[in-house]
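Pasting in a structure now, in structure tokens, and then I'll have a few things to ask.
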Amino acid sequence: MRQKYFITTFGCQMNVNDSEVIAGILESIGYESAATIEAADLVLLNTCCVRENAENRTFGHIGNLKELKEKKPDLIIGLCGCMAQEANVVEKIRESYPHVDLVFGTHNLHQLPELLQKVRETSSRVIEVWDSEGEIHEGLPIKRDETFRAWVTIMYGCNNFCTYCIVPYVRGRERSRKPEVILETVRDLAANGVKEVTLLGQNVNSYGKDIGDGWNFARLLRELAKTDIARIRFQTSHPKDLSDELIEVIAAEPKICRHLHLPFQAGSSRILKLMNRQYTKEQYLELAQKIQQRVTDIALTTDIIVGFPGETDADFNDTLDLVQQVRFDGAFTFIYSPRVGTPAAKMEDPTPEEVKKERLMKLIEIQNKISLGKNQNLVGTLQEVLIEGSSEKDAAIWSGRTSQNKLVHFEPAGQVAIGDLGVVRVTGAKTFTLEGKLLG
Ligand code: 5AD
Ligand code: SF4
């Protein structure tokens, strides 16, 4: 009987994409996917360390697996992803979680077959984490979760060292995948019926800086738009690297979805400086306005951190002011979480957690009103959607995403299928979703 694997993924799309590669590697050596965690011979946790919350949830999860391991001593439990790159986490696993058999990091996924063999042969735990990134390993197999849209990682790592962020420490320096490899991947996907690709990188706007030869992100997008793929998305953009050339490509190329995720993190220029974000409030506002004027139907979304060390009420008001001036379509909001080894973790942070929570609630309330208003403006319009499937609760309600990345729940007309592009008339708006009717 074939061995079965079960992967649990935490964190961002980059991890989701890595898990697809891990699944591809495992299937290439004869494993098959398990329907439930209990049925698995190998359980892998692909982890995220961007905030403490994510880490605590993962440790909870690892703790829960102990019982399964007791029932099934041959079960292999593995931990990989960003947490595996943290020395303090590996130490804690070594000391307190003896039921974890395997730990590997973000830079050595490709070693999984040999590491698994080592676990089986030696019947002892194997911990193999590379401190620094090597060459990009191309040609790894991949088993994608979906048939109609796909993640395509275009670069790994980050060079920005925002002072709160652990990503540069666990994902290494920026490395761009070769344009030929990306183009071939997208051509193959399109030939296999995939309609939409989302290009992934911690900072896609600095794509190509390490390649030379005149390559940059705008040029990559221009080349990708010439393929048969119907829609192109990308994330994440850092404001400091967003060029006029990129704005022009978005404006000129209808295949590029009308959505830009542009984290601003904090509205106060003083806090932005402490965060090492390399722009001021005014520069961000100017950039957002330039994009909104040039691409009038663009939906802007953002990430915001509340309660960075030393943030005052006045600083926080700058965040609220920026949110109100830009009028984002949506925002991911977080309370600052100190990460071991980052410069911000050593900064004085006198603000009580309660105050931070109040600020967060206020921010969410204001943003939700704006999100609802933005969605209400779309009522009555026609929107192209990529159909994702029917609702779990009600099979008669289908859903899809617009170019602006808005989720629409709609009543179908005639035959519909997952992966079709259709047009809906928007009939209603909520804070996070739209309602509509598919045109026949
Ligand atoms: N605390 C809170 N939020 C963080 N982010 C990154 N690091 C931290 C941290 N230490 C947020 C940023 C980033 C998003 C992916 O996570 O907003 O854009
Ligand atoms: Fe972290 Fe800043 Fe890099 Fe984003 S750009 S991954 S927030 S260091």
Which donor-acceptor pairs under 3.5 Å do the side chains of residues 409-438 make with protein atoms, sequence neighbours left out?
unit_1 : atom_1 : unit_2 : atom_2 : d
Asp420 : OD2    : Ala417 : N      : 3.3
Arg425 : NH1    : Gly380 : O      : 3.3
Thr427 : OG1    : Glu435 : O      : 3.4

(request) Look only at the side chain of Asn15 and the backbone of Gly81, and say whether a donor-acceptor pair between them is shorter than 3.5 Å. (result) no

(message) Could you work out, with salt bridge (charged side-chain N to carboxylate O under 4.0 Å, His left out) as the rule, every residue matching Lys4, not counting sequence neighbours?
(response) Glu32

(request) Just grab all the ring-ring contact (aromatic ring centres under 6.0 Å, His included) pairs involving residues 201-237, residues at least two apart or on different chains. (result) Phe217-Phe234

(message) Between Glu184 and Arg187, does any side-chain N to carboxylate O distance fall below 4.0 Å?
(response) no

(request) Please check if atom CZ in Phe161 has more than 12 non-hydrogen atoms from other residues, nucleotides or ligands closer than 6.0 Å. (result) yes

(request) Look at Glu38 together with Lys71 and state whether they make a salt bridge at an N to O cut-off of under 4.0 Å. (result) no

(message) Counting neighbours of NZ on Lys69 that are heavy atoms of other residues, nucleotides or ligands and sit closer than 6.0 Å, is the number greater than 12?
(response) yes

(message) Arg231: which residues meet the side-chain hydrogen bond (donor to acceptor under 3.5 Å, both in side chains) condition with it, sequence neighbours left out?
(response) Glu196, Glu384

(request) Run the salt-bridge test on Glu20 and Lys143 with the 4.0 Å N-O cut-off and return the result as yes or no. (result) no

Residues 235-245, side-chain donor-acceptor partners within the protein, below 3.5 Å, at least two apart:
unit_1 : atom_1 : unit_2 : atom_2 : d
Gln235 : NE2    : Gln13  : OE1    : 2.9
His238 : ND1    : Lys240 : N      : 3.0
Lys240 : NZ     : Asn160 : OD1    : 3.1
Asp241 : OD1    : Lys209 : NZ     : 3.2
Asp241 : OD2    : Asn203 : ND2    : 3.0
Ser243 : OG     : Leu246 : N      : 3.0
Asp244 : OD1    : Lys290 : NZ     : 2.7
Glu245 : OE1    : Asn216 : ND2    : 2.9
Glu245 : OE2    : Arg222 : NH2    : 2.5

(message) Are the side chains of Glu86 and Val90 in contact, using a 4.5 Å heavy-atom criterion?
(response) no

(request) Find out whether Val103 and Val126 are in side-chain contact, i.e. whether some heavy atom of one side chain is under 4.5 Å from a heavy atom of the other. (result) no

Distance-only donor-acceptor hits, side chain of residues 48-64, under 3.5 Å, sequence neighbours excluded:
unit_1 : atom_1 : unit_2 : atom_2 : d
Glu55  : OE2    : Arg339 : NH1    : 3.2
Thr58  : OG1    : Ala54  : O      : 2.9
Asn64  : ND2    : Gly60  : O      : 3.4

(message) Donor-acceptor check, side chain of Glu253 to backbone of Lys255, threshold 3.5 angstrom: yes or no?
(response) yes

(request) Please round to the nearest 0.5 Å and tell me the distance separating atom OH of Tyr31 and atom CG of Asp41. (result) 7.0 Å

(message) Under the salt bridge (charged side-chain N to carboxylate O under 4.0 Å, His left out) definition, can you give me all pairs with a residue in residues 155-182, not counting sequence neighbours?
(response) Asp18-Arg171, Glu138-Arg177

(request) Test Arg120 against Gln3 for side chain to side chain donor-acceptor pair (under 3.5 Å), laying out the working first. (result) CA-CA 13 Å; Arg120 290 206 191 287; Gln3 295 274 305; 2.9 Å; yes

(message) Could you work out, with side-chain hydrogen bond (donor to acceptor under 3.5 Å, both in side chains) as the rule, every residue matching Thr296, not counting sequence neighbours?
(response) none

(request) Report the residues that fulfil side-chain hydrogen bond (donor to acceptor under 3.5 Å, both in side chains) with Gln292, sequence neighbours left out, ordered by chain and then residue number. (result) none

(request) Spell out, as yes or no, whether a donor-acceptor pair under 3.5 Å connects the side chain of Arg294 to the backbone of Ala251. (result) no

(request) Give every residue pair that meets the ring-ring contact (aromatic ring centres under 6.0 Å, His included) criterion with at least one member in residues 101-134, sequence neighbours excluded. (result) His110-Trp130, His110-His137

(request) Scan side-chain atoms only and decide if Thr302 and His261 contain a donor-acceptor pair under the 3.5 Å cut-off. (result) no

(request) Kindly state each residue pair satisfying ring-ring contact (aromatic ring centres under 6.0 Å, His included) with at least one member in residues 385-404, sequence neighbours excluded. (result) none

(message) Between Thr153 and Leu200 (side chain of the first, backbone of the second, donor and acceptor by atom type, cut-off under 3.5 Å), is there such a pair?
(response) no

(message) Suppose we screen for salt bridge (charged side-chain N to carboxylate O under 4.0 Å, His left out). Which residues come up paired with Glu146, at least two apart in sequence or across chains?
(response) Arg149

(message) For the backbone of Ser19 and the side chain of Thr9, can you confirm whether one donor and one acceptor N or O come within less than 3.5 Å of each other?
(response) no

